[in-house]
Amino acid sequence: MEVVTIAIYHCSIQIISRSDGRSAVAAAAYRSGTNLVNEWSGRPANYDRKKGIAYSEIMLPDNAPASFSDRQTLWNSVEMNEKRADAQLAREIEVALPQELPLEEHKKIIHAYCQQFVDAGMCVDFSIHDKHDGNPHCHIMLTMRALDENGKWLPKSHQEFELDENGDRIRLPNGRWKSRKVDTVEWNSHENAERWRASWAETVNRFLEANHAPERIDHRSNAERGLEELPTIHMGVAACAMEKKGIPTERGEINRKIRATNRIIKEIRNKINSLKEWLAELSGRLEQFAEEARSPLLGDLLLQYMEQESQRVQKYSRHFQFQHTVEIGNDMMETICKLNARDIYTLADLQTVLVGLREKVDASQGIVKSKERRIRELQKLIENGRQYLRTDPIRKERNGIRFKKKREKFEESHHADLALWQAANRFLHAKEVNTAILPDSIKAWQAELATLTAEHDAEYEKLKQYRKEVKELNSVRRQAEKAMMPEQSQSRRKSQEL
C-alpha cells in the first residue's frame, strides 16, 4: 500500500487566561455545547443550542475527586482556586481529526492521545466538533494545577532561594533574599509542547495504519522534513466553506499561487537533475573515445541528428522527405542559434549553464519564500485589523452599559463578537500595532500586500521562463542522444569483438 502524507495536520496550543477576559467555565460550555454558570463571576454561559457537537467526555487521573466528572464542578473548582485577575485557567489543545475515519475511531484516537495527560496528573475535558463540512476537529481542555493524593489542588509554583558559591543565601540591596519561582510541574515547558505535537501525529498515524488508510500526517515543517516546497497558509473554517461553494477567497488565491509555484519549481529541478545525470553518464561513455571527442560540439551533433532524420524518411514520398527535412532543418538552425547566443557549444558548456540555471531557480525560490512569509503576515494583520474595527463598537457599547444585568444580557447575546474582538486585540497588541490609527495601518498593509503580490507574480514569470529554457535544453539532449546512438552502438560492437 502506498503511503501518502496529507495536509490535515493541525495541533495548536493556547492558554485560557483571565487577563484576556476569558473564563474556563465559559470555554468549557462553548466547546461542549452545554449551559454552565461561572460561580467565580456569577455569569452564566449558555451554549446548549450550539450545533456540531459530536461527542464530549471528561477523563480524570486516579487522585481526582469523582465529582470532577461533572463539567460545571470541575471548571468552577479551577476558577475558585485561582485568585489573581490575570490567572491562567486552562490549557487548550485543538487538533484536526482525519476525515478518512468515522466518529468511533475519532473517540479512540482522542482517548489514546489524552491518556498521556491523565497519566501526568491533568484533568482532561474534550469535545469533538463535526458539522460534516470536511473539518472534524477536537478541543482538549487541560487543567494547569496538579492534585495531591487527596484530590486537593496544589500550588503552581514555589519560591526557591538562590545560593552563592558557598551555599549561602544572597541578600539583595533592598534587604530581601534573592529568589526565583520554580514550577511544581513541568507542563509549561517548550519541550513538552513539541512532544505533544509529535505525539498527535504518531497517534493519528497509528490509527490510520490500523484502519488500512494510506494517508499519513507529519507534525514537522517542510524545512524540518527536508522539503523545498513553500508552505501553504491555514485556510480556516470560513474560507474552506466558501471555497467549497465555489466562492474564491484571498487565502484560497494565495494557496493556489503557492501550489502553482511549487509545481513549476519541482518540474524545473527534476528536469535539471535529469539533464545533469545524462551529462554525467555521457561523460563516462566518452572516455572510450578519442581525446577530441570528449566534449563534442553540440552543433555538430544536431546537424548529425538532422542527417539521420533525412536518411530515416527516405522510404517515404519525396514530398514528405522534402517537407520533413525543411522542418527539421529550421528547428535545428533555430536551436543552434539559441545555443550559440547563450555561448553553449559543447557538453561542458551545457553543464555550466545548467548549474547557473539551478542557482537562478534557487535564488528565485528564496525571494518567493521571503515574500510569501510577509504576505502571510500581512494577511493576518489585515484580517485581525478588520475584525477589530468591526467588533470594537460592540465592545464600546458593552462598556457603556452601567446596569449589571443589562450588561450581562448584552454580553450573552454578543458573546461571539466580543470573543473575536478579544482575539484580534491580543494579536494586534502582540504585534505592537497602534489601534488608534488602525484604518491607516490597514491601508498601508493592503498597499504593501498589493506590491508584494505583484513582485511575487514577476518572480513566477521568471520561473516560467526558466522552465522554458530547461525544456529547450532537454530537447537538445534528446536530439544529441539520438545523434550519438550510432557511434555508441559501433563502439559497443568493437568492444564485443575485442
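In this structure, N76 contributes its side chain and V37 its backbone to a donor-acceptor pair below 3.5 Å.
The two residues A146 and V185 come nearest to each other via the heavy atoms CB-CG1, 3.8 Å. I93 and C11 get closest at one heavy-atom pair: CG2-SG, 3.9 Å. Pairing each heavy atom of L147 with each of G151, the nearest pair is CD2-O, 3.5 Å. Counting all heavy atoms, side chain and backbone alike, S364 lies closest to Y466 at CB-CE1, 4.4 Å.
Electrostatic pairing of R206 and E209 does not count as a salt bridge here, judged by no charged N lying under 4.0 Å from a carboxylate O. One finds no salt bridge joining E459 and K371 here, because no Lys/Arg side-chain nitrogen approaches an Asp/Glu carboxylate oxygen to under 4.0 Å.
Atoms CD and OG1, on E372 and T453 in that order, are 8.5 Å from each other to the nearest 0.5 Å. Within the model, atoms CG of L378 and CG of L449 stand 5.5 Å from one another, a figure rounded to the nearest 0.5 Å. Here the CD-CD distance, from E39 to E79, works out to 9.5 Å after rounding to the nearest 0.5 Å. The OG atom of S17 sits 9.0 Å away from atom CZ of R426, with the distance rounded to the nearest 0.5 Å. Note that CG of N384 and CG of L389 are 11.0 Å apart. Values are rounded to the nearest 0.5 Å. The distance from atom CD of Q72 to atom CG of L36, rounded to the nearest 0.5 Å, is 5.0 Å.
Between V368 and H456 the shortest side-chain heavy-atom distance falls below 4.5 Å. Using a 4.5 Å heavy-atom cutoff, the side chains of L418 and T391 are not in contact. Annotation: side chain of I110 is in contact with side chain of L97 (closest heavy-atom distance under 4.5 Å). Taking the side chain as every heavy atom from C-beta outward, W153 and T143 approach each other to under 4.5 Å. You'll find the side chain of C138 stays beyond 4.5 Å of the side chain of I109, heavy atoms only. Side-chain contact between N434 and S441 is absent, with no heavy atoms from C-beta onward closer than 4.5 Å. Proximity of L438 to L428: side-chain heavy atoms (C-beta onward) are separated by under 4.5 Å at one or more points. Residues R195 and N192 meet the side-chain proximity criterion, which asks for heavy atoms closer than 4.5 Å.
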Throw together a table of side-chain donor-acceptor distances under 3.5 angstrom for residues 396-413, partners on residues two or more places apart or in other chains.
residue	atom	partner	partner atom	Å
K396	NZ	D392	OD2	3.4
S413	OG	K409	O	3.2
S413	OG	F410	O	3.0

When the side chains of residues 80-91 are checked against the rest of the protein, which donor-acceptor pairs come out under 3.5 Å, sequence neighbours left out?
residue	atom	partner	partner atom	Å
N81	ND2	S77	O	2.8
E82	OE1	R145	NH2	3.2
E82	OE2	R145	NE	2.7
E82	OE2	K156	NZ	3.2
K83	NZ	M80	O	2.7
R84	NE	D86	OD1	2.9
R84	NH2	D86	OD1	3.3
R84	NH2	D86	OD2	3.1
R91	NH2	W187	O	3.3
R91	NH2	N188	OD1	2.3

Exercise answer: donor-acceptor pairs, residues 116-131 side-chain atoms, under 3.5 Å, sequence neighbours excluded:
residue	atom	partner	partner atom	Å
Q116	NE2	Y113	O	3.0
Q116	NE2	S199	OG	3.1
D119	OD1	Q115	NE2	2.9
D125	OD1	R71	NE	3.2
D125	OD1	R71	NH2	2.9
D125	OD2	R71	NE	2.8
D125	OD2	W75	NE1	3.0
S127	OG	R31	O	3.2
S127	OG	S56	OG	2.9
H129	NE2	R31	O	2.7
D130	OD1	H132	N	2.8

Between K431 and K380, does the side-chain contact (heavy atoms from CB on, under 4.5 Å) criterion hold? Intermediate values first, please. CA-CA 11 Å; K431 297 294 182 180; K380 288 182 180 179; over 6 Å; no

Output, in order, the C-alpha distance, side-chain angles, deciding distance and verdict of side-chain contact (heavy atoms from CB on, under 4.5 Å) for H137 and H10. CA-CA 9 Å; H137 59 280; H10 174 68; over 6 Å; no

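More than 12 heavy atoms of other residues, nucleotides or ligands lie within 6.0 Å of CZ in F68, so this atom counts as buried by the packing criterion. Taking a 6.0 Å sphere around CD of E461, one finds it holds more than 12 heavy atoms contributed by other residues, nucleotides or ligands. More than 12 heavy atoms of other residues, nucleotides or ligands shown are found within 6.0 angstrom of NZ on K50.
Applying the salt bridge (charged side-chain N to carboxylate O under 4.0 Å, His left out) test to residues at least two apart or on different chains, the pairs with a partner in residues 101-112 are E104-K107, E105-K108.
Looking at residues two or more places apart in sequence or on another chain, you find no side chain to side chain donor-acceptor pair (under 3.5 Å) involving N46. The side chain to side chain donor-acceptor pair (under 3.5 Å) test applied to Q387 returns no partner, not counting sequence neighbours.
For H415 and Y47, the distance between ring centers is under 6.0 angstrom.
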